[in-house]
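This one's a predicted model, so the numbers in the text were calculated from it and none came from an experiment. Residue numbers run from 1 in the order of the sequence given. Reckoned from all heavy atoms, side chains included, excluding hydrogens, waters and symmetry mates.
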Amino acid sequence: MNDNDPNHDGERGPAHAVAVHSQQPAQAGQPARPEPAKPEPAQPAAEPTSVPAASRLTSLVGSIQSRLRQPGMRQTLPKIGFVLALLVVGGLLVWLLTSLLATATMQSANRPAAAADPTAAAPPAPAASPRPSLPLASVSPLDFRVGDCFKDFDPEAAKSTVVACTTDHSAQLVAVTQYADGDAYPGREAMKTKARETCQTAALTEKSNAYNLNYRLAYPSTSSWAKGDRRVDCYVTASGNIIKASLLP
């Protein structure tokens with residue numbers, strides 16, 4: 001049946017005119033009048049049939065269950081689950097690493113930098129190895145070693161004689177502090193303070209109690225500093241060559 005047919009159920013077409021003859025005979029000389037055509041009663045439009053929601057849900061569930069029962073789908077589901085699990089674990093690892101890096105960066109930014117002390121000098125020089133043979137004459141002050149003992153010691157002299165500490169001597173070098181080569185000349189008073197601090201680091205033995213000792217300081221002048229002199233020395237001295245042992249451990 002075509003949709004253009006006016007008799008199609010639910011379509012509203014124009015009424016059809018039907019010729020109807022009158023039951024009474026027409027009078028003579030008058031033409032017969034046709035009775036008006038009675039319109040046919042309109043047919044009510046057909047209402048669409050609605051499908052219950054419960055029925056559609058049941059159909060959808062059945063379709064999903066049918067797909068899940070297929071062999072190919074049974075093999076695919078574990079693979080999909082494994083891939084999803086890998087994605088979740090990978091995301092957690094990325095989040096954890098990002099959090100750790102952010103925490104470390106914040107702690108590093110908030111940690112105050114250690115301030116460099118411009119007046120700090122290098123630690124005292126370690127004790128030198130013993131001299132190979134003594135006495136040793138004409139030794140320069142820049143070549144003195146911690147523990148050296150001197151006969152007739154004169155701190156103003158350009159050369160001194162180093163003797164064995166078991167022999168009579170008048171002084172012993174007990175501590176040295178070395179400034180760095182790149183340091184600027186700190187000044188006479190600062191140098192003197194550093195020399196006193198150097199003497200305080202010297203640990204003398206009980207043998208020092210047997211002598212009347214004095215500390216003697218030695219540090220660079222401006223001219224010797226310009227020539228590379230960077231050492232500050234601390235000596236213990238006594239009048240005359242009366243010291244007969246080393247006063248260092």
Kindly indicate, with the supporting measurements, whether the criterion side-chain contact (heavy atoms from CB on, under 4.5 Å) is fulfilled by R145 and L173. CA-CA 7 Å; R145 300 180 183 180; L173 179 61; 5.7 Å; no
V139/R131 under side-chain contact (heavy atoms from CB on, under 4.5 Å): CA gap, chis, key distance, verdict: CA-CA 12 Å; V139 180; R131 301 282 186 179; 4.0 Å; yes
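- Sorted by first and then second residue, the pairs that involve residues 239-249 and meet salt bridge (Lys or Arg N to Asp or Glu O under 4.0 Å), not counting sequence neighbours, are D168-K244.
- Every residue two or more places apart in sequence or in another chain that forms a side-chain contact (heavy atoms from CB on, under 4.5 Å) with C199 is listed here: Y215, L217, C234.
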What's the verdict on side-chain contact (heavy atoms from CB on, under 4.5 Å) for K151 and S170, showing C-alpha distance, side-chain angles and the deciding distance? CA-CA 6 Å; K151 184 176 181 180; S170 60; 5.9 Å; no
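- Atom-to-atom distance recorded for T222:OG1 and K227:NZ is 10.5 Å, nearest 0.5 angstrom.
- Below 30°, between 30° and 60°, or above 60°: for Y235 and F150 the angle between ring planes is above 60°, a perpendicular geometry.
- Residues satisfying the side chain to side chain donor-acceptor pair (under 3.5 Å) test with D229, not counting sequence neighbours, are S224.
- Using a distance-only test at 3.5 Å, with no hydrogens or angles considered, a donor-acceptor pair links the side chain of Q172 to the main chain of G147.
- D152 pairs by the side-chain contact (heavy atoms from CB on, under 4.5 Å) definition with N241, not counting sequence neighbours.
- The CD atom of Q178 sits 8.5 Å away from the CG atom of D233 when rounded to the nearest 0.5 Å.
- The side-chain contact (heavy atoms from CB on, under 4.5 Å) check on T205 picks up K207, P249, with sequence neighbours excluded.
- Residues passing the side-chain contact (heavy atoms from CB on, under 4.5 Å) test with A164 are L134, T166, T167, sequence neighbours excluded.
- The number of heavy-atom neighbours closer than 6.0 Å to CZ of R231, taken from other residues, nucleotides and ligands shown, is above 12.
- For N212, the CG atom sits in a loose shell: 12 or fewer heavy atoms of surrounding residues, nucleotides or ligands are nearer than 6.0 Å.
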Apply side-chain contact (heavy atoms from CB on, under 4.5 Å) to residues V236 and S208 and explain how you reach the verdict. CA-CA 9 Å; V236 289; S208 61; over 6 Å; no
